Amino acid sequence: MEQIEVVVAHTERATLRVGEVFLKIDTDRARTDVEVEAMALVPLPTPEILWRRPPVLALAALPGTALGRLGEPSTASPAAWAAAGAAARLLHDAPLPPWPGRGHDELAAQLDGECAWLLRHEVLPTGLVTRNRRLAETALRPWTPAFIHGDFQVDHVFVAADEITGVVDWSEASPGDALYDLATLTLGHREHLADVVAGYGADVDLDLIRAWWSMRSLLGIRWLVQHGFDPYAPGCEVDVLRAQQA
């Protein structure tokens, strides 16, 4: 008899696995709409949609294993990381989706609000926030929009035999800065940045990747804390911010 595995669960979303089927439950139907439409548009392998009955989306499991986990060393080969970089390039070269993404003004306002919250609640030392905010702000320069995944984490990219078998969780897909995806993929795994860039096959400004590391970490800590996740775990967001001082 198949058991139910809780993959992730918080007040906004939950993902359950039953055998080879994933059941995604989302309180925001718009996110699921984006996920379904994005999977139909992207030039990458994605999970098969088995059925949809809002708020539930049923997806078939992908072959292979996740490229890694934030806070844990990745056992994937350099070739697998390079394949993830190549997949990102293929996505970024695709035609833009028809819905808008976050612009500079929205991101700047979010950064301002999150840094104020971190300092007001004494979540992080003032110097750590200030230095990383200064670095994060350099990411907010003009960019040519690309089709981005928007949450291109290592555990959303599946590999087998050093090839990409699929990418999951497309609810944040939108036009945006291509470097944001590369930064998200390598967050906490800076040792694999060179492999990803080699697979990407284009000039990449490494300073901007580092800027997005700071941005993503600063923007994410409050949400993680409030939804039961631990950004202080070894190798996770707070450690990323600390490492940025090196």
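Computed over heavy atoms, backbone and side chain alike; hydrogens, waters and symmetry mates excluded. From a predicted model like this one, the values you see are computed outputs, not experimental measurements.
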Specify the closest pair of heavy atoms between Leu218 and Cys115, including all atoms of both residues, with the distance to one decimal.
CD1-SG, 4.1 Å

When every non-hydrogen atom of Val154 is compared with those of Leu185, the smallest separation belongs to CG1-O, 3.1 Å

Ignoring hydrogens and angles, tell me if any N or O in the side chain of Ser74 forms a donor-acceptor pair with the backbone of Leu67 under 3.5 Å.
yes

Any non-hydrogen side-chain atom of Arg190 less than 4.5 Å from a side-chain atom of His192?
no

Is the shortest side-chain heavy-atom distance between Pro100 and Pro175 below 4.5 Å?
no

Any donor-acceptor pair under 3.5 Å from Thr165 side chain to Phe158 backbone:
yes

With a 4.5 Å cut-off on side-chain heavy atoms, are Asp230 and Leu224 touching?
no

Determine the minimum heavy-atom distance between Pro98 and Glu37, stating which atoms define it.
CG-OE2, 3.7 Å

Trp212 reachable from Leu128 in the ILVMFWY side-chain graph, under 4.5 Å edges
yes

May I ask you to decide if the ring planes of His227 and Trp223 are parallel, tilted or perpendicular, using 30° and 60° as cut-offs?
parallel

Given side chains that start at C-beta, do those of Glu35 and Arg31 come closer than 4.5 Å, heavy atoms only?
no

With Ser217, the side chain to side chain contact (heavy atoms under 4.5 Å, CB included) member among Leu187, Asn132, Asp239, Leu124:
Leu187

Answer yes when Asp177 and Arg102 have at least one side-chain N-carboxylate O distance shorter than 4.0 Å, and no when they do not.
no

Going hydrophobic residue to hydrophobic residue with side-chain gaps under 4.5 angstrom, can you get from Val196 over to Leu206?
yes

Neighbour count >12 (heavy atoms, 6.0 Å) for atom CD, Glu163:
no

So Val159 and Trp81, do their side chains get closer than 4.5 Å, heavy atoms only?
no

Considering all heavy atoms of both residues, which atom of Ala87 and which atom of Ile164 are nearest to each other, and what is their separation?
CB-CG1, 4.1 Å

Check whether any side-chain heavy atom of Glu237 lies under 4.5 Å from a side-chain heavy atom of Leu70, and answer yes or no.
yes

Examine Trp143 together with His104 and report whether their ring centres are nearer than 6.0 Å.
yes

Aromatic rings His10 and Phe229: how do their planes relate, parallel, tilted or perpendicular, breaks at 30° and 60°?
perpendicular

How close do Tyr200 and Ala178 get, counting heavy atoms only, and between which atoms?
OH-CB, 3.6 Å

Does Val36 share a hydrophobic cluster with Leu62, counting links as ILVMFWY side-chain heavy atoms below 4.5 Å and allowing steps through other members?
no

Gln226, CD atom: more than 12 neighbouring heavy atoms under 6.0 Å:
yes

For the residue pair Ile209 and Leu193, establish whether any side-chain heavy-atom pair is separated by less than 4.5 Å.
yes

Salt bridge or not for Arg89 and Asp181, using N-O below 4.0 Å?
no

Evaluation steps, side chain to side chain contact (heavy atoms under 4.5 Å, CB included), between Trp170 and His156:
CA-CA 9 Å; Trp170 291 89; His156 291 165; over 6 Å; no

Taking side chain as C-beta onward, heavy atoms only, is Ile221 less than 4.5 Å from Glu114?
no

